[in-house]
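Note sheet for the following structure.
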There are 2 protein chains.
Amino acid sequence: MLAQVFKALSDPTRVKLLSMIAAATDGEACICDMTEPVGLSQPTVSHHMSVLARAGLVTREQRGKWAYYALAPDARAALAGAVDQVTAAHEGAIA
Amino acid sequence: MLAQVFKALSDPTRVKLLSMIAAATDGEACICDMTEPVGLSQPTVSHHMSVLARAGLVTREQRGKWAYYALAPDARAALAGAVDQVTAAHEGAIA
DNA sequence: CAGACGTATTGACATCTGTCGATGCGTGAG
DNA sequence: CTCACGCATCGACAGATGTCAATACGTCTG
């Protein structure tokens, strides 16, 4: 569903988490790096990341004991496409 | 807040409503035109439109007894900007 | 004015959602 | 093997959200 992608970003915490990942120096971050900035417990952050991952916005990679989350390669395109689809006009698009 | 815009689109019903308006022949629609396609009661549709309007995605214009809703002029740009902001990378943007 | 019609608001209710503490699962260190 | 550490899952709970029926509000018509 289209709304599922937007739903993943309907929470300020998830928006911040995604922005943090996108702006991270290496383009990735582990849970332990994010709990403190957002001021939430580790299970809660883990839950939010799970939502973002299920929406296809981030990817998860386990390296050792840490789980590194990164912006999905097609996240930007997927979001742009979603916006396009929702605001698509009837007459051959505006732009 | 940024998440507020996405939150407005976090419900499948609102996504459909917005799409219907964007795809409408005249670019606008009244409540009575939308209750039947989405299969919801009039108050519920009115509520959803109120949410979309408060998010700045649609505009409301009262003409006679009917209230015409249309896609806000900057809705597309606002959404695109929101996507850009969330997925913005650190190093001078990707694209 | 009085009634009909489209819409918005209110109140109530079931469900979803974000949050936490406790606990379980893997992995690396000793 | 045993322990410490990072993360995920579970159970529980408060608050938010979608939905409807009832009702109030505005506008046109007679």
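Lettering of chains follows the sequences in order, A, B, ..., and the numbering in each one begins at 1.
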Exercise for the section: Let me know the distance between CE of A/Met49 and C1' of D/dC7, rounded to the nearest Å. Expected result: 12 Å
Practice task
Return no unless some side-chain N or O of A/Tyr68 is found under 4.0 Å from OP1 or OP2 of D/dG6.
Solution key: no
Problem - A/Arg76 side chain vs B/Thr87 backbone, donor-acceptor pair below 3.5 Å - result: yes
Problem - DNA chain C: 5'-most and 3'-most nucleotides touching chain B, 4.0 angstrom heavy-atom criterion - result: C/dC5 to C/dT9
Handout entry: A/Arg63 bridged to A/Glu28 by N-O distance under 4.0 Å
Key = yes
Handout entry: A/Arg60 side chain near D/dA8 phosphate (N/O to OP1/OP2, under 4.0 Å)
Key = yes
Handout entry: Cationic N near anionic O, under 4.0 Å, B/Asp11 to A/Lys7
Key = no
Practice task
Report yes if some heavy atom in the side chain of A/Trp66 is under 4.5 Å from a heavy atom in the side chain of A/Cys32; otherwise report no.
Solution key: yes
Handout entry: Side chain proximity check, A/Tyr69 to A/Leu17, heavy atoms < 4.5 angstrom
Key = no
Practice task
Look at B/Lys7 and D/dT17 and indicate whether a side-chain polar atom (N or O) is within less than 4.0 Å of OP1 or OP2.
Solution key: yes
Problem - Short side-chain N/O contact from B/Thr44 to OP1 or OP2 of D/dT19, under 4.0 Å - result: no
Handout entry: N/O (side chain, B/Thr13) to phosphate O (OP1/OP2, D/dT19) under 4.0 Å
Key = yes
Handout entry: Closest to the A/Gln42 side chain, choosing from D/dC5, D/dA8, D/dT19
Key = D/dA8
